[in-house]
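For reference, the structure is listed below as structure tokens.
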Amino acid sequence: MDGGEMWIIANFKANKNIKESIEWVELVGPKLKMQEGVKVVVCPSFSAIEQVKKTILVGSFPLMVGSQDISSFPKGAYTGEEPAAHLAGFIDLSIIGHSERREHLKETDEIVEKKVNQAKSNGIIPLVCVQDINTKVPDGSFLIAYEPVWAIGTGKADTPADANKVAQTFKQRYGEDLEVLYGGSVNKDNIKSFIKQDSLSGVLVATASLNPEGFLAVLSACID
Ligand code: PGA
């Protein structure tokens with residue numbers, strides 16, 4: 001990280017129900033310290049978003065909320081979709097184009113681009129996941145996460161130096177203002193070496209975020 005902001009984003013994936021998500025926020029929230037330039041974001045399932053947001057507001061916790069996806073469609077006749085217009089006000093950010101969605105839901109670059117546009121036009125920050133240096137970054141993106149598929153949930157993170165090189169490549173291609181995060185087996189032992197890299201602006205953490213105490217350990221490993 002080279003000045004600027006640092007993002008630490010917890011992605012629950014489809015692991016926690018409403019009750020479990022709230023328990024996590026009630027445990028983590030009071031222990032979070034407001035830190036200049038550090039943004040901590042929790043991304044629960046859609047069903048938990050409203051109550052997670054409410055719990056954060058009641059406790060005045062320095063925690064932002066994100067969704068793990070967003071519809072590529074506006075509101076209207078799209079059964080089962082979760083349009084950005086309905087999420088605005090509850091979330092600050094949306095993860096878009098995660099490799100699990102590209103694989104299991106057949107999300108294409110075209111769909112990812114539409115989702116980015118929906119997020120932006122509803123005041124939601126799109127966080128686009130890119131799997132390697134060939135993944136397309138939609139126009140207008142300003143925050144991406146480099147997440148090599150082989151590093152996700154495997155316990156085998158990419159090296160911080162390689163992640164930094166990939167981040168540099170994206171910045172050269174899309175502009176120095178593009179903020180790049182790293183995700184894939186980030187934990188309390190390796191987080192510091194990632195956020196120290198000059199072209200990385202933070203991390204996306206799934207497995208190591210699920211246990212509240214574990215997530216606090218990840219945070220204190222880099223913030224203190
Ligand atoms: P992981 O997943 O932290 O479990 O490797 C990261 C992600 O998929 O965002």
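Between F215 and W24, the ring planes lie tilted relative to each other; the angle falls in the 30° to 60° range.
At least one donor-acceptor pair under 3.5 Å links the side chain of E20 to the backbone N or O of N17. Judged by distance alone, with hydrogens and angles left aside, the side-chain atoms of W150 form no donor-acceptor pair with the main-chain N or O of K156 at under 3.5 Å. Within the 3.5 Å criterion, the main-chain N or O of I96 finds no donor-acceptor partner in the side chain of S94. A donor-acceptor distance shorter than 3.5 angstrom exists from the side chain of Q68 to the backbone of P44, with no hydrogens or angles considered. Side-chain atoms of N15 come within 3.5 Å of backbone atoms of F12 as a donor-acceptor pair (strictly under, hydrogens ignored). A donor-acceptor pair under 3.5 Å links the side-chain atoms of Y174 to the main chain of V137, judged by distance alone. For the pair R102 (side chain) and C129 (backbone), a donor-acceptor distance under 3.5 Å is present. Distance alone, capped at 3.5 Å, is enough to place a donor-acceptor pair between the N164 side chain and the S199 backbone. For K106 (side chain) and E103 (main-chain N/O), a donor-acceptor pair under 3.5 Å exists by modelled atom type. No side-chain donor-acceptor contact under 3.5 Å links S201 to the backbone of M6.
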Pair K39, D92 - check side chain to side chain contact (heavy atoms under 4.5 Å, CB included), show working.
CA-CA 11 Å; K39 298 187 173 199; D92 304 286; over 6 Å; no
Check the pair I9 / C43 against side chain to side chain contact (heavy atoms under 4.5 Å, CB included), numbers first and verdict last.
CA-CA 7 Å; I9 303 181; C43 303; 3.7 Å; yes
Under the side chain to side chain contact (heavy atoms under 4.5 Å, CB included) criterion, do D69 and F46 qualify, and how do the steps go?
CA-CA 9 Å; D69 183 36; F46 282 133; 4.2 Å; yes
Using the side chain to side chain contact (heavy atoms under 4.5 Å, CB included) rule, take V42 and V28 through it: C-alpha gap first, then chi angles, then the decisive distance, then the call.
CA-CA 10 Å; V42 59; V28 170; over 6 Å; no
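The distance from the CZ atom of R101 to the OG1 atom of T108 is 11.5 Å, given to the nearest 0.5 Å. Once rounded to the nearest 0.5 Å, the distance linking CG of L178 with CZ of F142 reads 10.0 Å. The structure places NZ of K120 at 7.0 Å from OG of S141, a figure rounded to the nearest 0.5 Å.
More than 12 heavy atoms of other residues, nucleotides or ligands lie within 6.0 Å of CD in E23, so this atom counts as buried by the packing criterion.
Between G214 and N211, the shortest heavy-atom contact is N-OD1, 2.8 Å. Residues G153 and S185 share a closest heavy-atom pair of N-OG, 3.9 Å.
Ion pairing of E113 with K136 is present here, as a side-chain N (NZ or NE/NH1/NH2) and a carboxylate O approach within less than 4.0 Å.
Counting only heavy atoms from C-beta outward, the side chains of W7 and M64 approach each other to under 4.5 Å.
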Side chains of residues 82-90: which donor-acceptor partners sit under 3.5 Å, not counting sequence neighbours?
none

